[in-house]
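Notes to accompany the following structure.
Residue numbering restarts at 1 for every chain, and letters A, B, ... go by the order of the sequence lines.
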Amino acid sequence: GGGTLGGGSDGADDSASEGPIKIGLLVPQSGVYKSLGDDMKAGFEVYLEEHDNMLGGAEVEVILADEGETADSGKAAADKLVKQDQVAVVTGVVNSAVMNGIVDLFETSKIPLVGSNASPTTLTDATYIWRTSYVNDEPGEALGAYVAENVDGGVYFLAADYQAGKDEVSGFKKTFEPAGGEVVDEVYTPFPGTTNFQPFLANAQSSGAAALFSFYAGGAAVEFVKQYDQFGLKGEIDHYSAGFLTEGGVLQGQGDSAEGTFTAMNYNYDLDNELNASFVEAYLAKTDRNPTTYAMASYDAAKVLDMAIEAAGGESDSEAINTAIGEISEIESPRGTWSWSDIGTPVQMWYLREVQEVDGELTNVVIQELGELGSD
Amino acid sequence: MTSTSRPGAGRPGEGRPGEADPILSVRGLVSGYDGSRVLHDVDLDLPEGGVLALLGRNGVGKSTLVSTVMGLVRPMKGSITVAGQEVAGARPDRIARLGVGLVPQGRRVFAPLTLAEHLDIADRAGRKGDWTKDRVLELLPRLGERLKNRGDQLSGGEQQMLAIARALLTNPTVLLLDEPSDGLAPSVVHQVADVVHEVCNAGMSVLIVEQNLRLALSVADRVVVMQKGAVRWDVPVDEFRRDRAKAEELLGI
Amino acid sequence: MIGWFDAHLVSMVDGVAYGLLLFTLAVGLSLVFGMMDVLNLAHGTLYLAGAYTAYALSDGSWLGLLVALVVGLAVGLLGGGLLAAAVAPLQGRGHLDQAALTLGIMLIAGELMIMAFGAEVLPTAPPQALADSIPLLGNSYPLYRLVFIGVAGLLAALVYLAFERSSIGALVRATVADRDMVRAMGVDTRKILFGVFGFGAALAAVGGVLGAPIIAPGPGIDERVLVLSLVVIVIGGLGSVRGALLGALLIGQVQTLGVALVPAYAPFLLFGAMLLVLALRPQGLFAVGRA
Amino acid sequence: MSDQAALRVEGLSRHFGSLKAVEDVSFEVRQGSRHAVIGPNGAGKSTLFALVAGALRATSGRVWLRGDDVTSLSEHARARRGLVRTFQHSSLFLTATARENVMLAVQRRHGVQAQPWRAVARRRVLVAEADAVLEQLFLHHRAGQTAGALSHGERRQLEVAVALATSPSVLLLDEPAAGMSHADTQAFQEIVLGLPSDVTVLLVEHDLDLVFGVADQVTVMQLGQHLLTGPPEEVRASDAVQKAYLGAEDTSELFLEGPG
Amino acid sequence: MSTATTPGMPSRASSPRRSFPVRTALLVGVVVAILLVVPWVFGTFTVMTVTRALVFAVLAMSVNLLTGVAGMPTLGQAAYFGVGAYTGALVGIHWSELGVVQLVLATLAGVVAAVLTGPLAIRGRGVAFLMITLAIGEIAYSAAGRLDPVTGGTDGLSGIPPVVVAPGGEGLVNEGLIYYYVLAVAALAYVGVHVLLRSPFGLTLRGMRDNESRLRAVGYRTDSYALAAYVYAGGLAALAGSLWTSSQRFVAPGDMGFSISALALLAVIVGGVGSMWGACLGALLVVFTRDYLGQTFSGHASLLLGILFVLTVYLLPQGVAGGRAQWRRLFPQDRGETKTVTPV
Ligand SMILES: Nc1ncnc2c1ncn2[C@@H]1O[C@H](COP(=O)(O)OP(=O)(O)OP(=O)(O)O)[C@@H](O)[C@H]1O
Ligand SMILES: Nc1ncnc2c1ncn2[C@@H]1O[C@H](COP(=O)(O)OP(=O)(O)OP(=O)(O)O)[C@@H](O)[C@H]1O
Ligand SMILES: [Mg+2]
Ligand SMILES: [Mg+2]
């Protein structure tokens, strides 16, 4: 190639279309989100292994890039995938800020991005961006009405102080308030950086609220749940949360403190369907862990690509693949069957889960369905 | 490069059988800073119990020589022996433990330490001997009035006295004095002369760098004059006094 | 509003616990920085190493804690020794080079620890006997934090005696002021460097073992502990044990009581407090006067 | 009040805790005079300088510069009025070259920011002026050397050069010759004597040859207090001064000059 | 005038030039030529990485102006970088896509921010200054995440239109053209700083670093100079911020976080404290290590950075731009100069 301005570019040349289809997997491999990245990577690989490294009948090559911790690092990684490795399609992305930062890149390069976690609410009119996860405010939205009906008294909101936290709370209020729920207070804790939740919990405790709705994930989730117990809120004030609070490895860290926490999520590894059973088995065999929603969404992303590449004729043609993605009407998934909404996110069922001790182990147990979201 | 005009000066390797070994002996010393050489092939002997005055104009390398002997500047070449032991390139604390004590140019008192703390750590760190805290305070009573002042809250002269006291407290056998009279009032300069006499009587050997010619000549029994990093003249003090013309030429008096 | 008052009283108590934890983290940094003049940005790494030790070894029994403490102490001494050896060649080159070196070490060690322990935050249980919460002023409060207040208070007293009431401190300060002159008095300053470094590092690592149930080990904790420690010692005044204690207690209150009072401004409180102190007294509350 | 006094201090005191480093000192320095201050170590001479220059705040008392009360002015403001001092411990810009050290003083006088577009031409002027001052103090051969690489004595010379380069009207010299070689001290004496007569010099020195070589007035301080001010002969003859400063014994026999 | 220098003595500071510096001119020519051909030789990702490095170099120069030249180590320059970045973005979105307008307004915003915060910052020196600037940076960072209506909150501000160079022109979308835009502005900034440093003002700042109290004794109002340096640096950082927006077309609070300030400071140390081209080289090294090598050895960017810092500190005590002596020490050609002592 003759350089950026010379018409060529780095990486492969004209013969690119003849090799395997290149797929970029953009997930954090360093920093605080690394464990999410690990789950997503494993979920994607489970699907590939089940299908002999072929998607849509074509040989694929997965190119890994480190999303890191910030929008900056994630954007650099996406640049590399698109500009240097010249992938046909990208999947992954944990951080909403990264997602926002790379929208332009994918829209102008006309390469599809099948995101499997990050999902800012503001992302509504992209052509090349898809998400197999959810929209950031949906877990709250799923839970709002239920809490309004089942809790006798006001609800106190505590969430990590970043966009996802605010989205979650506003999603919750979207269904909570119309159903007659009463908001006691709404407090955001500095993120990252809060390790001691005592003052926040003390305020919540003395507020007289009957229940708490929270949004935390990762390390903060562990600390929050433990301190919720230690400072005596457990048993006094019911705890509702977006499902991330108790999803995956964090649950072990929370220990008994987590018992009795209610969360809303689009998936749980104990869902009773055939596809899920085989997914859980394969995932367990690979990682020794139960799959999380992150792993599942990434597995589904692989499936979406599988279907789209097949429909596009097994060619490494980004435009064709993108069109084909849009034309998929239904996706069989471990979470149940779902379809695309108008904005390229799943229309899917949400579940209420409770942390219970089953056979001496703490797990999320699905209590009931909360209804389908995403169609509006 | 060397042009020592020392009559009968021992060149390296010549050896001088029969003479008592000097307590401090420098042979063929080359030293300086970061690639720039300041001293070129310097030879020097300090006999036991003697007082050697090192003279020369500003910037000729006197302090560099003293610092190299103390181990604060690494020699590039040559040999330095203290009481028969080779110390060229050794760490300063080892050299100090062999009995070399230093009153550095510019005092170098420890700014954040009180005067009392200075005496305290010098007393603990150094060797034991005749010089004790009580004795130095007796010698320099001014210090006793300022025990609580921090190093940087002392007047220039007080700092200089402290530097001398600090060195004495380590009870050295070889005392290196780099311009000890700097900043001292005339009456205290007398005291310094007395101290030099006193320590010599007690068997200490002294290498003194001085700009104050009167002080230097009043205490020294041998004079070494340096110019441009080399020893130009190494004579007994009487001979120095006899040749004023040469002294003027070398020192620019 | 009795409830309101009660809740804040507990916050104040918690502020003391949190402050004392900050003290154990920060005092080593303060000694190494203020007395040795070495800016050791890998200090948080030592805490992290201690906390991971606690995670790996403590099993809820007293013996487990004891073993963790001993191993943590060893880890700290070893880490301190290695760091001292690493910065020794940098004598006289100023803080910036030290900062670059120790930050580089922090990055490398941080990544190695992630490789060893994974990227999750690993919550560490205190000994079973202290794991429960007890009623305090009508509220529930974790027993471990109460005990921690006592232990850390003891530690603070010990450090104070060791450094502000003995002539070791004077020798250390002299070494910082003019290392060559101290050597010219016959003192092997390397011993001092290793001694103080080892001591500061051991404190941080032991702080990590004891603090793991409060600030659990995980990626990024090293940096957070470092920043908190820096804030504490700068507020308190570099090199002063008393200053570190005061700064730590102050920040403890700011981070608990302050947050409880104005939760909306929580992210600004820590640095706002530091700005305020430094604007009024740039040398810190308890400056050990330095040239 | 004599308006021709270049500098006048009145009732100047500075206490450090219980120590009265400078206590109620009053005297005046005539315009254009070469005025020496002597006294034993710790008498308060350097503290007095710091008070006059404005680096230390006085506990009480006032300072007049050519009839103006400058007591409340900051150090740099006094320096801009021509009241400039040297430091007993050389205080230089150690990573800058000797020439740059002096240029910092020169350019302050010319104003740093004025007419940046003429920077090149102006730089030439600044360099030339700096070099002239270095030459005056026998440092021209060291001009390109960093101050940190100068020997002690050379730093003392540079110390004076920096102060001189500001074209002070009142120059405070704190032991300028300490550490200078004998030869350079003598040359320095010529420099001081050769300064324009509108420059007033206030000099602290322990080298009495230099003091009596240049001074037309001498002030003696002891224990923070002003002992006396007078012409050199009077001071030399004073018994009190002999006791306080020179030491009780007769000193002449110590100063054996080499024969010749 | 005499410019006698003792041979063999290292002389870092400039003395009046004796003759036209042929070697320097040659070096500058080579560097400029290399920079100019980058988009013609390298692929898009490499060009984008160099673009980021150039932006980062301007930020590093701003840090160096304070840290290396004036001796005031800062951890807060990312705040002004962020002010510039957001200002550039907002101007681009709401008002003008013209590069000059964005650059000028962003720089002005940085200057204003520095004028407002500077008096607080310069109350301290050394570590106190470092920590005050750290606090300013952290507070600005938190504020950026909270001012949702203006900054888009933690998810950042996207939808920034491509920058336009001349009125009526096309927006720059091609990475190669963006590169030239950034290069041109960065080069201007470099020249500006270079001239500033060679002026009396630059000498005064170096004097501040060495000995502030003497400077005061000579008659300088040093606080004014500290503030002036702070404001210059703030403006420069904001300029870099605006370049950042133009090249990334996205801003998030992370762009003004602690790690950016810290990396910029480290770039300065790696490059050689006090040297402007060192700062630029350091920035290049840091960005290349983080974004390029860090992606090649996926997930190990911080490990690589750590190794970079440790190695430079040990092997190149004066930074990459340090004197030739240290390179010679690293690759000794003749052993004659080593400091071995030969005892007799
Ligand atoms: N740290 C240093 N780095 C580089 N050069 C130095 C250093 N210290 C001294 N020099 C140079 O070495 C030479 C000798 O200096 P030295 O201090 O030994 O002289 P000196 O004879 O003691 O002079 P003085 O009477 O002024 O104290 C001088 O030219 C000086 O510039
Ligand atoms: N900051 C300070 N705090 C306490 N005491 C001080 C401080 N500065 C000076 N002193 C004391 O004040 C007295 C006067 O000091 P000053 O430096 O003025 O003396 P001096 O006359 O210049 O003496 P020398 O001739 O030795 O330089 C000294 O005894 C000194 O210890
Ligand atoms: Mg000397
Ligand atoms: Mg004095």
Inset, instruction - May I ask you to name which of Leu104(D), Val84(D), Leu126(D) has the most heavy-atom pairs under 4.5 Å with chain E? - result: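 The answer is Leu104(D).
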Inset, instruction - Go through the steps to decide whether Phe49(D) and Phe87(D) satisfy the test ring pair (Phe, Tyr, Trp, His ring centres under 6.0 Å), and finish with yes or no. - result: CA-CA 9 Å; Phe49(D) 268 28; Phe87(D) 290 74; over 10 Å; no
Pick one of side chain, backbone, both or neither for [X], based on which atoms fall under 4.5 Å of a heavy atom in chain E.
X         : value
Ala165(D) : neither
Thr166(D) : side chain
Ala105(D) : both

Inset, instruction - Indicate whether the side chain of Thr117(E) and that of Tyr80(E) have a donor and an acceptor atom separated by less than 3.5 Å. - result: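 Per modelled atom types, Thr117(E) and Tyr80(E) side chains form a pair under 3.5 Å.
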Inset, instruction - Tell me yes or no: between the side chains of Ser46(D) and Gln88(D), is some donor less than 3.5 Å from an acceptor? - result: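 Yes, a side-chain donor-acceptor pair sits under 3.5 Å.
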Legend entry - Mutual orientation of the aromatic rings belonging to Tyr220(E) and Tyr225(E) [parallel < 30°, tilted 30-60°, perpendicular > 60°]: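 The arrangement is perpendicular - the two ring planes meet at more than 60°.
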